[in-house]
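One structure is given below, encoded as structure tokens.
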Amino acid sequence: MDDVMRKAEELEVLVAELEALDRRRVGLGARLVDLEHFFRRAGCPELSQQALDAYVTTYAGRVLELADGMRG
């Protein structure tokens, strides 16, 4: 039973870490979107595209990859 309690505590810690990481990830995604909009309005299409690419490939792409992995 001690093993079960230790693993339950480990799970609780891991869930808290994951929640904090998720909040940080959402914040980073929002910053990328803000930068993309800023650069587009400022007439900097290359920088706008760079921010959009980072969002699509690294941010959103990873989310989709993780979701796909959970289905399998």
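The analysis underlying the following values was restricted to heavy atoms, covering all of them including side chains, and did not include hydrogens, waters or symmetry mates. Positions are given from 1, in the same order as the sequence printed here.
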Self-check item: All side-chain contact (heavy atoms from CB on, under 4.5 Å) counterparts of Arg24, not counting sequence neighbours
Solution: Leu28
Practice problem: With sequence neighbours excluded, tell me which residues meet side-chain contact (heavy atoms from CB on, under 4.5 Å) with Gln49. | Solution: Leu52, Asp53
Quiz item: Going from CZ on Arg40 to CG on Leu35, what distance comes out if it is rounded to the nearest 0.5 angstrom?
Solution: 12.0 Å
Practice problem: Working to the nearest 0.5 Å, report the span between NZ of Lys7 and CG of Leu14. | Solution: 10.5 Å
Practice problem: Could you pull out the closest heavy-atom pair between Ala51 and Leu32, with the gap in Å? | Solution: CB-O, 3.9 Å
Quiz prompt | Sequence neighbours excluded - ring pair (Phe, Tyr, Trp, His ring centres under 6.0 Å) pairs with any residue from residues 18-56 | solution = Tyr55-Tyr59
Quiz item: Between Arg6 and Asp3, is the closest basic N to carboxylate O distance under 4.0 Å?
Solution: yes
Quiz item: Counting only heavy atoms not in Arg31, do more than 12 sit closer than 6.0 Å to its CZ atom?
Solution: no
